[in-house]
Amino acid sequence: MKHTPTISAEFEDYLKQNDMTLSQFAEYSGVHQRTLSNWITQHRPISVQQLDRITVAMDLPEGYFYDLYIENYIIDLSPNFRRIEPLLYRCAELDKLDAIRRMIGHIMDNPLYASRLFDVAEALFEQGRHAAALPLYENVAEVEKYQHSERLAICQYRIFSIQVGDDQSRNLKAATLFEPFVERLDEIDQLDALKDLANVFRSLRLWDRLDVIARKMRVRAEIQYTLEHQQKKRKPAEIEKRLSRPLFVYITYSDLLCASVYEAKGDYEQALQYTYAYTNLDWVKETDEDTLHWIKQFQDWAEGNTYVYKLLSGEVSLLPYYLDYICTSSETSEKEMIAKLMNVVIAANQFQLDVNDIFLRFERQINSFAQQQASTDMYTQRVVPDQYARFGYELAYYYLHRGMYSDGFKHLLCSLENSNTLNNVTCFKNCLGLFVHFKTYAVPEIKAGFYNFIEKVWLENGKKNGSIDCRN
């Protein structure tokens, strides 16, 4: 039988080695002597706060004894949430995720703990400690998977939000698993959930699924807007404080998303009709500062997208006006600048336009477009990186077809790397095809860089999937 060491035994060894009395240690650590005595002689559990003070006094790293504490006072004794809860928070602070999983795995046989674990998970999520909150949500969801509760739906929403990241295949899996739970959420919470799902499907270019989600969001948002302003069943503040955007945004954003669906299908006339729908927002009743900000934002997007859809329809004479819009738009951040410039490149590739002078005009932005900023917003987190990968491909296509091979291959390799990071298979394939088509014009250094990158991707993929080829 394996003997489990105890914290108290290590503590006693420390006292002997340092020739220190309980009284001296109590004064030094701030833990009462009686508490220390009862801990050693009567084996009474100590609190996490007391353990932290003892650890500091023994000049040991924070959380040094947490694994033993779990063994001694959580696994070996009947679970006590008064000890477990503070330890969960401390482990989250110190990124001790394995310790969190051990505790959860031990206590989840008791479904009565699900409610309290959910509360801890929500608090950690609010603090931004998403990695620590994830196993809590997963275990609560597992316990309640047959109960069809709203809490289960919230857990699935949080899991989806946490798991969305750089890997598009993983994002698709997360969105697919979460989608059936949306309608179990509260009618207000559904709006942000649908918005986040829409942004993931948009980044994945799954236009049919995006279309369905966008229309659902519009219907639900219109119902809530009617309830708020006509039936007066709720005060506006009760809704607004629960949403990440003003309520009207979910209506207008659905129109913007539907426009993007028709854009992807090449139906620019229909895309324009949806764009006109969010051009005039006189129907919005609110006049607060946040609402006015979003109205201005949508009107700015509407102006730009109107130019884009007409430009892509063949009205290339509008290009100078679109460029003036880009330069004068007050809402053009660095990330928005890339999206707008990409429209220029797409039009140039589609209609064989010479836009070299435009590239010179925006040289700084183009050269720095790969420097992305971290964000927790689902649009910035998912849609913008996808646009960066596509922008690199469009630039490469433009330069290579015009015989500007140095610039073309530079942007092609950049897009290839971004596509691989995102696991964007479509863009990755496009980049491979473009390289093969123009490989004759690649200098040896470019070819070497390309083949080294492809070999690296092959090896990483083999390692990731457990299929490394060990043959010589």
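- Aromatic ring pairs are classed by plane angle as parallel below 30°, tilted from 30° to 60° and perpendicular above 60°; the pair Phe409 and Phe435 is perpendicular.
- Within 6.0 Å of CD in Gln42 there are more than 12 heavy atoms belonging to other residues, nucleotides or ligands.
- In this structure the side chain of Tyr66 reaches within 4.5 angstrom of the side chain of Leu51, judged on heavy atoms.
- A donor-acceptor distance shorter than 3.5 angstrom exists from the side chain of Tyr250 to the backbone of Arg245, with no hydrogens or angles considered.
- Contact check on Arg116 versus Asp119 returns no salt bridge, with no Lys/Arg side-chain nitrogen under 4.0 Å from an Asp/Glu carboxylate oxygen.
- Checked for salt-bridge contact, Arg102 and Glu71 meet the test: a charged N lies under 4.0 Å from a carboxylate O.
- When each of Phe25, Phe65, Tyr64 is paired with Phe11, the ring pair (Phe, Tyr, Trp, His ring centres under 6.0 Å) condition holds for Phe25 and for no other.
- Side chains of Asn199 and Tyr253: a donor-acceptor N/O pair is present below 3.5 angstrom, by distance only.
- With no hydrogens or angles considered, a side-chain donor-acceptor pair links Asn305 and Tyr278 at under 3.5 Å.
- By the 30° and 60° cut-offs, the orientation of the rings of Trp301 relative to Phe298 is perpendicular.
- Residues Arg83 and Val48 share a closest heavy-atom pair of O-CG2, 3.8 Å.
- Between Glu187 and Arg220 there is no side-chain heavy-atom pair separated by less than 4.5 Å.
- With a 4.5 Å cut-off on side-chain heavy atoms, Leu422 and Phe428 do not count as touching.
- The closest side-chain donor-acceptor pair between Tyr137 and Glu122 falls under 3.5 angstrom.
- Salt bridge Glu62/Lys96: absent, no basic N to carboxylate O contact under 4.0 Å.
- Residue Asn418 holds its CG atom at 12.0 Å from NE2 of His411, rounded to the nearest 0.5 Å.
- The aromatic ring centroids of Phe160 and Phe181 lie 6.0 Å or more from each other.
- Note on Arg90 versus Glu93: salt bridge recorded, some NZ/NE/NH1/NH2 to OD/OE distance being below 4.0 Å.
- When the ring-ring contact (aromatic ring centres under 6.0 Å, His included) test is applied to Trp294, no partner is found at least two apart in sequence or on another chain.
- No side-chain donor from either of Tyr397 and Asn430 sits under 3.5 Å from a side-chain acceptor of the other.
- Between Phe125 and His130, the ring-plane angle classifies as parallel under the 30° and 60° cut-offs.
- Every residue two or more places apart in sequence or in another chain was checked for a side chain to side chain donor-acceptor pair (under 3.5 Å) with Gln147, and none qualifies.
- The CD1 atom of Ile84 lies 10.0 Å from the CD1 atom of Ile104; values are rounded to the nearest 0.5 Å.
- Under the side chain to side chain donor-acceptor pair (under 3.5 Å) test applied with Asp167, the options Asn424, Asn423, Thr421 reduce to a single match, Asn423.
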